[in-house]
There are 2 protein chains.
Amino acid sequence: MTARVTATSIVDAIANDLRTRILEGELTSATALTETDMAASYDVARPTAKAAIEKLVAEGLLVRGAHKSARVAELGPDSVRDIYQARAYLESEVLRRLALTCTVPEEAVQANLDIAAVAGGSALDVVEPDMRFHTSLIDAVGNERISRMYRSLVSEVRLCMVRVQSLNLLDTALIQAEHQRLLELIGEGDGAAAAELLDEHLARARERLAAAIGGEAGPEAHLPSSLHRV
Amino acid sequence: MTARVTATSIVDAIANDLRTRILEGELTSATALTETDMAASYDVARPTAKAAIEKLVAEGLLVRGAHKSARVAELGPDSVRDIYQARAYLESEVLRRLALTCTVPEEAVQANLDIAAVAGGSALDVVEPDMRFHTSLIDAVGNERISRMYRSLVSEVRLCMVRVQSLNLLDTALIQAEHQRLLELIGEGDGAAAAELLDEHLARARERLAAAIGGEAGPEAHLPSSLHRV
DNA sequence: TATTGTGTTTTTGTCTGTCAAGATGAGAAC
DNA sequence: GTTCTCATCTTGACAGACAAAAACACAATA
């Protein structure tokens with residue numbers, strides 16, 4: 001287990017690098033991701049860059065029309081609503097099932113402790129342990145397909161978050177307290193209450209995120225560039 | 001709405017054709033899907049066939065290792081368990097939410113009537129309206145991501161079903177009656193009971209399918225070809 | 001006989017180069 | 001000022017080619 005071989009293909013490597021750059025906010029929907037440009041910047045052939053781009057399009061991080069260059073997906077308030085609703089559907093049912101056996105995942109407890117640890121730091125530092133808390137709950141059921149679906153949603157959430165610069169709308173103490181309460185309810189076997197609390201927990205985050213995205217000059221009301229040069 | 005334009009790309013067309021051929025059982029895991037063969041049979045270039053294959057690999061219908069030709073995915077009893085568990089997670093929560101507003105989708109009612117209509121026909125005729133019943137419930141929430149996730153699971157279920165030739169294990173009358181009861185419970189607003197009944201409904205189907213797949217000479221215990229020529 | 005090693009064949013991964021089709025934007029004509 | 005046409009950019013798809021990796025068959029050896 002010491003020397004893990006990294007036998008990944010070139011297009012996978014490019015897709016992974018692009019994905020991290022997208023989720024870090026380095027690439028926004030303002031820049032067009034041309035196949036030839038990507039091929040040139042990574043020093044590979046155009047088909048290779050094309051394959052990497054299509055991979056991310058399939059994941060939903062990039063969008064592209066026919067004969068048009070790919071761009072980072074623009075997620076409006078309605079998309080935020082869809083994403084968080086899907087999260088709530090999956091996760092609330094997971095909490096119900098975990099409560100049936102009173103299973104409290106150890107990683108979730110640790111992740112919530114990590115949230116408290118970074119309470120004084122930047123608001124962005126809260127995102128990672130927060131996501132880890134939720135994904136560890138999902139992974140606790142041990143279902144590969146459910147974990148994959150949830151991870152896809154989480155990456156879309158992160159895609160939304162890199163767009164809003166002021167993440168001060170996160171109340172770290174409240175988040176951590178609600179997480180704690182969720183774990184307690186699961187431990188007590190009260191799945192219905194846990195599902196209900198999770199609904200409120202996610203609905204609150206959803207509203208703040210939707211407002212932050214929708215508040216800035218319209219969600220996906222792409223102004224034609226002709227209106228910009230008034 | 002009379003002349004729907006078919007402006008789909010070549011690789012999409014090939015992928016769609018391959019998908020139907022897979023779900024109809026024409027292509028099984030016994031035949032290797034070589035890129036050059038696919039390119040020759042569809043009279044396209046190899047990169048085009050490659051893109052179509054990779055699309056289906058991303059969907060989970062095909063599996064492929066590095067430098068190995070693609071094959072139709074082989075889903076064992078454990079995969080059946082995962083798939084049906086994911087279905088149950090999604091759909092039971094959907095039923096709960098539908099029951100909150102006592103929303104009974106009209107298409108679901110119609111689909112269940114269609115099940116009764118084909119009661120005398122082949123057992124395969126039951127699969128289509130049965131799937132339509134469930135997907136119409138999912139689509140009733142109007143969430144694109146949830147619908148997409150569920151459809152992915154449904155196609156995997158169909159992939160399992162084409163492997164078991166004797167589908168006489170389907171009790172049409174029981175299925176139709178349980179569907180009817182589900183709709184009634186939703187209409188009465190009893191989400192908890194609906195979710196519970198759905199769990200049993202899916203668990204029954206899962207057990208039959210897993211038994212039918214696991215019973216035939218082992219799930220993914222691929223015998224090496226050297227043992228075949230004794 | 002069983003096992004190991006080698007060489008060949010098949011198949012994929014990736015590159016180079018090319019042409020056609022569609023979309024975008026600029027400029028001319030009215 | 002509006003509309004039409006055209007040039008340019010970008011993608012879609014093709015052809016051909018080479019390298020790498022896996023699988024298979026076969027021979028050599030303990």
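Hydrogens, waters and symmetry mates play no part in the numbers below; they use all other heavy atoms, side chains included. Every chain is numbered from 1, with letters handed out A, B, ... down the list of sequences.
- Remark: B:Ala40 pairs with no residue by the side chain to side chain contact (heavy atoms under 4.5 Å, CB included) rule, at least two apart or across chains.
- Remark: A:Thr34 is not in phosphate contact with D:dC9, judged by side-chain N or O atoms under 4.0 Å from OP1 or OP2.
- If you take NZ of B:Lys55 and P of D:dA13, they are 11 Å apart, rounded to a whole angstrom.
- With sequence neighbours left out, the side chain to side chain contact (heavy atoms under 4.5 Å, CB included) criterion links B:Ala66 to no other residue.
- Legend: residues meeting side chain to side chain contact (heavy atoms under 4.5 Å, CB included) with A:Ile10, ordered by chain and number and at least two apart, are A:Ile14, A:Val44, A:Thr48.
- Note: CZ (B:Arg64) to P (C:dT12) measures 7 Å, nearest angstrom.
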Can you give me the N/O atom pairs linking the protein to nucleotides 19-24 of chain C at distances under 3.5 Å, or say none if there are none?
none

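- C:dT11 atom P lies 14 Å from atom NZ of B:Lys50, rounded to whole Å.
- Phosphate contact (OP1/OP2 of C:dT14, side-chain N/O of A:Ser9, threshold under 4.0 Å): present.
- Each of B:Asp37 and A:Ile10 was assigned the nucleotide of DNA chain C with the nearest heavy atom; the assignment lying further toward the 5' end belongs to B:Asp37.
- Atom pair A:Asp43:CG and C:dT16:P shows a separation of 8 Å (rounding to whole Å applied).
- If you take CE of A:Met38 and P of D:dT10, they are 14 Å apart, rounded to a whole angstrom.
- Residue A:Pro47 is in base contact, counting any heavy-atom pair closer than 4.0 Å across all strands shown.
- Looking only at distances, a side-chain donor or acceptor of B:Thr20 sits under 3.5 Å from a matching main-chain atom of B:Asp17.
- Look at CD on B:Glu35: it is 17 Å from P on D:dA21, rounded to the nearest Å.
- Under 3.5 Å, the side chains of A:Ser155 and A:Glu59 contain no donor-acceptor pair of N or O atoms.
- Applying the ring-ring contact (aromatic ring centres under 6.0 Å, His included) test to A:Tyr89 and every residue at least two apart in sequence or in another chain returns nothing.
- Residue pairs meeting the salt bridge (Lys or Arg N to Asp or Glu O under 4.0 Å) criterion with at least one member in residues 30-41 of chain A, sequence neighbours excluded: A:Glu35-A:Arg46, A:Glu35-A:Lys50, A:Glu35-A:Arg64.
- In this structure, B:Asp12 places its CG atom 10 Å from P of D:dG12, rounding to the nearest Å.
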